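To keep things clear, I will list the structure first and then write my remarks on it.
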Amino acid sequence: MLIRYRKNYEKIAMGLLSFMPTEKDLKRLQQTMKQYETNNDWQLFLWKEGDDIVGIIGVLLRAPDVVEIQHISVNPSHRHQGIGKQMVKALKEVYPDRRLCANEWTASFLDKCHACNE
């Protein structure tokens with residue numbers, strides 16, 4: 001289930017984002033979190049399975065019809081279960097009138113994600 005980020009999820013969100021190659025540095029990670037918390041065009045969502053938050057997807061709302069996926073990450077112990085695809089599908093439901101696109105860090109995942117193109 002896709003849920004919107006709230007401040008009380010900060011540590012979990014930072015942990016999941018830290019799996020992204022661009023977010024290994026703590027200062028960079030803190031700057032990214034600040035952007036998600038203060039910029040309305042940056043939206044962060046968490047993926048919840050049962051009581052556990054196991055994934056994260058962050059987007060940048062670009063032109064009125066484009067949503068750029070900036071970050072996508074799944075807890076390593078929950079990978080290869082289709083959670084990333086589920087997050088993208090759920091994101092399409094949140095933004096039904098917008099086209100999803102990738103950035104350089106998320107493009108390889110979206111290229112492999114057949115369900116993302118349905």
Side-chain angles (χ1 to χ4, degrees):
M1 171 175 61
L2 200 64
I3 58 173
R4 286 198 182 268
Y5 169 79
R6 294 192 317 254
K7 185 73 171 167
N8 59 323
Y9 294 133
E10 183 177 36
K11 287 183 181 174
I12 294 167
M14 287 179 75
L16 288 166
L17 278 178
S18 72
F19 293 121
M20 291 286 301
T22 58
E23 305 301 326
K24 298 287 185 200
D25 176 67
L26 181 59
K27 282 194 187 296
R28 167 81 173 151
L29 179 59
Q30 289 170 331
Q31 290 171 344
T32 298
M33 288 304 300
K34 185 174 176 92
Q35 282 285 1
Y36 280 117
E37 291 171 359
T38 61
N39 187 333
N40 288 336
D41 290 336
W42 288 51
Q43 298 291 312
L44 192 59
F45 299 88
L46 303 167
W47 186 260
K48 193 169 186 177
E49 298 247 323
D51 292 332
D52 298 326
I53 294 173
V54 298
I56 195 163
I57 189 165
V59 300
L60 173 59
L61 305 178
R62 289 215 175 263
D65 61 339
V66 177
V67 175
E68 178 183 302
I69 299 176
Q70 298 191 115
H71 298 97
I72 187 163
S73 179
V74 175
N75 181 315
S77 62
H78 290 84
R79 289 183 183 164
H80 308 291
Q81 297 175 21
I83 292 170
K85 289 178 185 177
Q86 289 178 295
M87 287 192 293
V88 172
K89 283 179 117 173
L91 195 62
K92 284 183 173 185
E93 292 173 15
V94 173
Y95 300 106
D97 299 328
R98 294 184 181 222
R99 181 177 57 85
L100 297 183
C101 69
N103 66 13
E104 65 180 298
W105 303 106
T106 59
S108 63
F109 173 77
L110 284 182
D111 288 346
K112 291 186 293 188
C113 182
H114 302 295
C116 304
N117 300 319
E118 296 171 357

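Here the structure is a predicted model, which means the values were calculated and not measured.
The CG atom of L91 lies 10.5 Å from the CZ atom of R98; values are rounded to the nearest 0.5 Å. L26 CG to Q31 CD: the interatomic distance, rounded to the nearest 0.5 Å, is 10.0 Å.
Residues forming a side chain to side chain donor-acceptor pair (under 3.5 Å) with Q30 (at least two apart in sequence, or on another chain): none. In terms of the side chain to side chain donor-acceptor pair (under 3.5 Å) criterion, D52 has no residue partners (sequence neighbours excluded). Listed by chain and residue number, W47, V54, I83, Q86 satisfy the side chain to side chain contact (heavy atoms under 4.5 Å, CB included) test with E49 (two or more places apart in sequence, or in another chain). Checked against side chain to side chain donor-acceptor pair (under 3.5 Å), T32 has the following partners two or more places apart in sequence or in another chain: E23. Checked against side chain to side chain contact (heavy atoms under 4.5 Å, CB included), P76 has the following partners two or more places apart in sequence or in another chain: F19, R79. Contacts of R28 classified as side chain to side chain donor-acceptor pair (under 3.5 Å), with partners at least two apart in sequence or in another chain: none. With sequence neighbours left out, F45 forms a ring-ring contact (aromatic ring centres under 6.0 Å, His included) with no residue at all.
Screening residues 64-90 for ring-ring contact (aromatic ring centres under 6.0 Å, His included), with sequence neighbours left out, gives Y36-H71. Sorted by first and then second residue, the salt bridge (charged side-chain N to carboxylate O under 4.0 Å, His left out) pairs involving residues 1-11 (not counting sequence neighbours) are K7-E10, K7-E37.
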Quick one: side chains of residues 99-106, donor-acceptor pairs under 3.5 Å with protein atoms, not counting sequence neighbours, listed by atom name and distance.
from, atom 1, to, atom 2, distance (Å)
N103, OD1, W105, N, 2.8
N103, OD1, T106, N, 2.9
N103, OD1, T106, OG1, 3.1
N103, ND2, Q70, O, 3.2
T106, OG1, I69, O, 2.7
T106, OG1, N103, N, 3.0

Under 3.5 Å, which donor-acceptor pairs link side chains of residues 56-65 to any protein atom two or more places apart or in another chain?
from, atom 1, to, atom 2, distance (Å)
R62, NE, E68, OE1, 2.6
R62, NH2, E68, OE1, 3.1

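For M87 against G55, the heavy-atom pair with the smallest separation is SD-C, 3.8 Å. Taking all atoms of both residues into account, the shortest heavy-atom contact from A13 to L44 is CB-CD2, 4.3 Å. Closest non-hydrogen pair, E93 versus P96, comes out as O-CD, 3.4 Å.
No single ILVMFWY cluster, assembled from side-chain heavy atoms under 4.5 Å apart, contains both M20 and F109. Cluster membership for L29 and L16, using ILVMFWY side-chain heavy atoms within less than 4.5 angstrom, is shared. In the hydrophobic clustering of ILVMFWY residues, with side-chain heavy atoms under 4.5 Å counting as a link, V74 and M1 come out apart. Under the 4.5 Å side-chain heavy-atom criterion for ILVMFWY residues, no single connected hydrophobic cluster contains both I3 and V88. In the hydrophobic clustering of ILVMFWY residues, with side-chain heavy atoms under 4.5 Å counting as a link, V66 and L110 come out apart.
Side-chain contact between M33 and Y5 is present, with at least one heavy-atom pair separated by less than 4.5 Å.
Counted within 6.0 Å of NZ on K24, heavy atoms from surrounding residues, nucleotides or ligands total more than 12; the atom is thus considered enclosed.
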